Undergrad: 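Have a look at the structure that comes next, please.
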Amino acid sequence: MFHTIEKQVADAFHTHIRIRYGIDLSVTVEQPRQSDFGEMAVPAAFQLARQLRQAPRKIAAELVEELGPIAGVAATEVAGNGYINIRLDRGAYGASLLAGDAAAETPAGEKIIVEHTNINPNKAAHIGHLRNATLGDTFVRMLRASGNRVEVQNYIDNTGVQVADVVVGFHYLEHLAPAAVRGLIADPAVRFDYYCWDLYAGTSAWYHDHPEALAWRTQTLHAIEAGEGELAELAHLVADAIVEAHLATMLRLDVEYDVLPRESEILHLEFWAAAFELLKERHAIVFETEGKHAGCWVMPGLSEEGKVIVRSDGTVVYTGKDIAYQLWKFGLLGKDFYYRPLKTYADGRMLWVTTDQPVESGVRFGHGSRVYNVIDSRQSYLQDVVAEGLRGLGYREQADRSIHFSYEMVALSPRCCAELGIPLSEEDRKRPYVEVSGRKGLGVKADDLLDSLIGKALDEVVSRHPEDSAEQNRAVATRIAIGALRYFLLKFTRNTVIAFDLQEALSFEGETGPYLQYAAVRARKILAKFAERGAPLPDFAAELNAAAMARQLQSEDFWQVLLAASKAESALESAVSAGEPSHVARYAFQLAQAFSNFYQKYPVIHEQNRERQVFLLWMTSFFRQQLERTAAILGIPIPEYM
RNA sequence: GGGCACGUAGCUCAGUUGGAUAGAGCGGUCGCCUCCUAAGCGACAGGUCGGCGGUUCAAAUCCGCCCGUGCCUACCA
């Protein structure tokens, strides 16, 4: 609503200025810091001052004088030394909110692909992975909420070094045959992803002390690539079981995917060979005959030496396969995967996984018009190489539409390491934070963190609601834990390094997920309580006309609160264009703050005046709706009670 | 050496792309449960926006130079 008027105001000024002064000015509309300056402010007079060689105040006065009426605007006035402040027609504004917004547009047209999570399937997920998945998933929700068609991909590198290292651990260090590993996977007493977490750290440590053991890794990688023998079988077992574990972990946070493209199919279906031909044909890569990179295929342009894509032994670098995959996402490779269904989510969404067996699945993935790769900022160079690859092939537009949705890492504060009993080197202790490292086994496992959050929430819930069943309380605690964790990971802007702090993550007070949930629960409670007392909820549209709205909204308090609550669309749009989930999180918090304030000040159920009570109830239900919508975009569930 | 981030209250962070008196949360001090749930609300204290210079009606925001921190800069993934 607010957003619509904002646009109307900008348009009105733009048109008037073009006609009156012949200047094509891009008019910005701001929100004044002080509420008594009105709801919007237009600094256009300042921008015009230079070109017109007149005092801003004089221009502003002229604009206000000559500008015709704008729908929804009650008054325009000159303030300060040239600001134009705008006051909205409160009654009309309230009435149009009451009438409800236009029907949501059905997603159509071009498809946006968002790739996120992408965890190496060789060990349990940690908080760093959670930041990726939560950011990606929330961005997907944001895009969908603003009417886009989105496909979610989670890339599985099931043939890489990391999987190979765990296979080395099983085969060479623990001497376990595939049958024994199958037994471990099936054993309910063993958490296979946790087992591999330790094994991976163990193998890495072994390499450190016995560098000659790295030959095992090479051998294993070859076996995996050939797809034969025990080592390859182990790799499949490990990767499939861990992918299963990751999907389960992410599902706990309500993160779902549409398709899992796997590295093994990229190999077997020879995506790279197709991409290699294209790259050679169009001279996006060149063969070096001398110098440092003699014998390699190199992509020029990015740096002076260029980036090696094919090694002198003829094998392709990881980034090369990434270029092939990126081409496939845009439907530019001329090859495709086959698919088989992996599972069906509770909401009916089907998850597919790639296969190299020719089957008719009836689904089509890829062919996106825009691609977001959610990958941490350390990989920006590699992402640049991928985009440069597309550019080199002549796909300039697709290169520009390949967006590295980057974010900073999650690190551990030295204090946090101490709390978790993680030993640190002398050097690390002096750092502001320590990088999470799967290789070193250094980090907080996602499921452990979620479990301790649930445990803590459960203590609180049980102490508040001893009368409710253990099962119900557990469900509530789980939702609170999810809300706390997702909000914690989303409240920071993407380029802020999160120095993970256990205390802060475990907090349920202040700017946290549970604060939002609490506001929504209270709003629901008021409406439920009102109905409980025998009176049905009033028909708001029938009882509140524009005049009644105007009367109630004379109260500055009500007006400010309603304004805040009606800015959801505006907040979403700016968050989408900035690519910042944290903006949505901030808005959700402000919304909850506004409601908490309202809740404290105005006892809805005890209100005596009928019109005022109807109005308060309407405000409550409006808040409830906005809170629930915004929380849903953040992937934060609302508990039944708190 | 080069590239990309960052430096804002005791701590952790926002700051709508250059606008009016720089904001939250935590922590601190003091208040508020006979009334829809105190995971809440109110009040107070807390700032040379790393430093210096520049651009202009206007700079935390843009430019330059310093100081400090982190990441990247592989024929690893």
Side-chain angles (χ1 to χ4, degrees), chain A residues 28 30-34 37 41 43 46-47 49-50 55-56 79-83 85 120 157 160-162 164 263 292-298 302-305 307-313 315-319 321-322 376-382 384 406 408-409 411 413 431-433 435 457 460-461 464-465 480 484 491-493 495-499 501 503-504 507-515 517-519 521-523 525-530 532-533 570-571 574-575 578 580 582-583 585-587 589-590 593 596-597 599-607 616 620 641-642:
Chain A
T28 55
E30 299 168 0
Q31 290 167 44
R33 201 177 298 282
Q34 277 173 273
F37 285 163
F46 294 111
Q47 294 160 287
R50 173 180 289 176
N81 45 2
Y83 269 99
N85 290 339
N120 272 297
D157 182 7
V161 170
Q162 297 212 22
E263 175 101 345
K292 190 175 151 190
H293 292 150
C296 300
W297 286 90
V298 175
L302 274 168
S303 65
E304 278 182 35
E305 296 148 358
K307 165 70 185 162
V308 171
I309 301 296
V310 179
R311 304 181 187 101
S312 50
D313 66 3
T315 57
V316 60
V317 148
Y318 179 85
T319 316
K321 288 179 270 187
D322 231 14
D376 74 76
S377 64
R378 284 171 292 189
Q379 313 222 30
S380 61
Y381 177 64
L382 286 319
D384 288 347
S406 80
E408 276 290 346
M409 62 178 169
S413 65
R431 293 165 166 272
Y433 41 72
E435 205 174 325
E460 290 282 338
V461 177
R464 285 156 206 251
H465 302 277
I480 292 172
K491 74 174 177 180
F492 301 94
T493 52
N495 58 9
T496 297
V497 178
I498 300 181
D501 187 291
Q503 318 260 312
E504 211 187 316
S507 167
F508 297 154
E509 284 161 28
E511 199 198 333
T512 64
Y515 180 89
Q517 295 171 317
Y518 194 54
V521 165
R522 282 169 134 188
K525 191 61 183 281
I526 292 174
L527 300 170
K529 204 90 177 185
F530 185 79
E532 234 171 69
R533 304 224 166 164
S570 188
S574 79
E580 256 309 348
S582 69
H583 289 351
R586 295 269 158 195
Y587 172 73
F589 177 65
Q590 284 167 20
Q593 259 184 331
S596 297
N597 202 293
Y599 180 94
Q600 200 78 24
K601 232 166 162 177
Y602 305 101
V604 178
I605 288 180
H606 305 280
E607 176 57 48
L616 290 175
T620 305
Y641 55 88
M642 279 180 83

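When reading the values below, keep in mind they use all heavy atoms of this one structure, side chains included, and skip hydrogens, waters and symmetry mates. Just so it is clear, the model here is predicted, and its values are computed rather than measured. Order of the sequence lines fixes the chain letters, A, B, ..., with proteins taken first and strands second; residue numbering starts at 1 for each chain.
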Undergrad: Apply ring-ring contact (aromatic ring centres under 6.0 Å, His included) to A/Phe492 and list each qualifying residue two or more places apart in sequence or on a separate chain.
TA: A/Phe488
Undergrad: Distance check: side-chain N/O of A/Gln593 vs OP1/OP2 of B/G25, anything under 4.0 Å?
TA: yes
Undergrad: Does a nitrogen or oxygen in the side chain of A/Lys525 sit under 4.0 Å from OP1 or OP2 of B/C36?
TA: no
Undergrad: Once you apply a heavy-atom cut-off of 4.0 Å, does A/Val461 come out as touching a base, just sugar-phosphate, or nothing?
TA: base
Undergrad: Under the rule for salt bridge (charged side-chain N to carboxylate O under 4.0 Å, His left out), what residues qualify as partners of A/Glu263, not counting sequence neighbours?
TA: A/Lys321
Undergrad: Would you say the side chain of A/Ser377 lies within less than 4.5 Å of the side chain of A/Glu408, judging by non-hydrogen atoms?
TA: yes
Undergrad: Would you say B/A39 has OP1 or OP2 under 4.0 Å from some side-chain N or O of A/Tyr518?
TA: yes
Undergrad: Name the nucleic acid region contacted by A/Ile480, choosing base, sugar-phosphate or nothing; use a 4.0 angstrom heavy-atom cut-off, strictly under.
TA: base
Undergrad: What string of B, S and - do you get for nucleotides 3-17 of chain B 5' to 3' if you count protein non-hydrogen atoms under 4.0 Å?
TA: --SS-----SSSS--
Undergrad: Of all residues at least two apart in sequence or in a different chain, which pass the side chain to side chain contact (heavy atoms under 4.5 Å, CB included) check with A/Glu435?
TA: A/Arg378, A/Met409
Undergrad: Looking only at side-chain N and O atoms, does A/His293 come under 4.0 Å of OP1 or OP2 in B/C75?
TA: yes
Undergrad: Please identify each residue that fulfils salt bridge (charged side-chain N to carboxylate O under 4.0 Å, His left out) with A/Glu607, with sequence neighbours left out.
TA: A/Arg612
Undergrad: Identify, with sequence neighbours excluded, every residue that meets ring-ring contact (aromatic ring centres under 6.0 Å, His included) alongside A/Phe46.
TA: A/Tyr83
Undergrad: Report yes if a donor N or O on one partner sits less than 3.5 Å from an acceptor N or O on the other, where the partners are the side chain of A/Asp322 and the base of B/A77; otherwise report no.
TA: no
